[in-house]
Structure formats: structure tokens, C-alpha cells
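As C-alpha cells, the structure follows; a few thoughts come after it.
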Amino acid sequence: MLRYKHFFIAAFLLLSKFGYAQCAMCKAVVENGDISMAEGVNNGITYLMVFPYLLIGVLFFTLYRYRKRIKN
């Protein structure tokens, strides 16, 4: 089990760099701006993407704890 956990953590860290992208509209706006504006847009997109993943993570953790409590 520990082996799988390490694998998923490593895969998440390695693949998260590829997910750092923009939508077509954001890219068009950023191409006309400067580098600091592009970094700001990327950071904003990343910030907005974090919360749905956190909510799903909390949901799965809660379900895991609930099922573990029922088995005991």
C-alpha cells in the first residue's frame, strides 16, 4: 500500500508541470501583454483549479473514514 502511495505522489508531482497551461482566450490576451501579466494569469488559473480538487479530496477522505469506522 505504501508503494502505491509513493507512486501516486511522484506521478502527481511530475505531471503537474504539464498541466500548467492556459485556455485559448487567455493565451490570446496574454500574448499581447508582458511577462508579469502572463505569470499572473497562470497563477490565477492555478488558484482557481485548486479548490475543486481540494473539495473532492475532502469528500473522498470523509468517505474513507466513514467506511473504515463502519467496518470496525
Side-chain angles (χ1 to χ4, degrees):
M1 188 66 168
L2 187 61
R3 174 184 258 169
Y4 291 119
K5 188 183 293 187
H6 288 288
F7 171 74
F8 285 117
I9 290 172
F12 176 75
L13 291 175
L14 292 173
L15 295 176
S16 64
K17 195 67 171 171
F18 297 118
Y20 199 62
Q22 302 167 342
C23 66
M25 254 176 88
C26 296
K27 184 177 178 184
V29 170
V30 170
E31 284 177 350
N32 295 331
D34 57 351
I35 293 176
S36 64
M37 186 174 115
E39 290 176 356
V41 170
N42 273 336
N43 290 337
I45 291 169
T46 305
Y47 177 75
L48 290 172
M49 284 179 54
V50 166
F51 291 106
Y53 288 111
L54 284 175
L55 289 173
I56 290 172
V58 168
L59 174 70
F60 281 123
F61 179 71
T62 306
L63 289 173
Y64 169 75
R65 284 184 47 201
Y66 177 73
R67 286 183 177 227
K68 189 174 181 181
R69 191 178 304 151
I70 288 176
K71 286 184 181 178
N72 290 334

So ring-ring contact (aromatic ring centres under 6.0 Å, His included) across residues 34-58, not counting sequence neighbours, yields Tyr47-Phe51
Closest non-hydrogen atom pair, Val58 against Thr62: O-OG1, 2.7 Å
According to side-chain hydrogen bond (donor to acceptor under 3.5 Å, both in side chains), who are the partners of Ser36, at least two apart in sequence or on a separate chain? Asp34
Hydrophobic cluster partners of Tyr66 (side-chain heavy atoms under 4.5 Å): Ile70
Checking Arg65 now: which residues fulfil side-chain contact (heavy atoms from CB on, under 4.5 Å) with it, not counting sequence neighbours? Phe61, Arg69
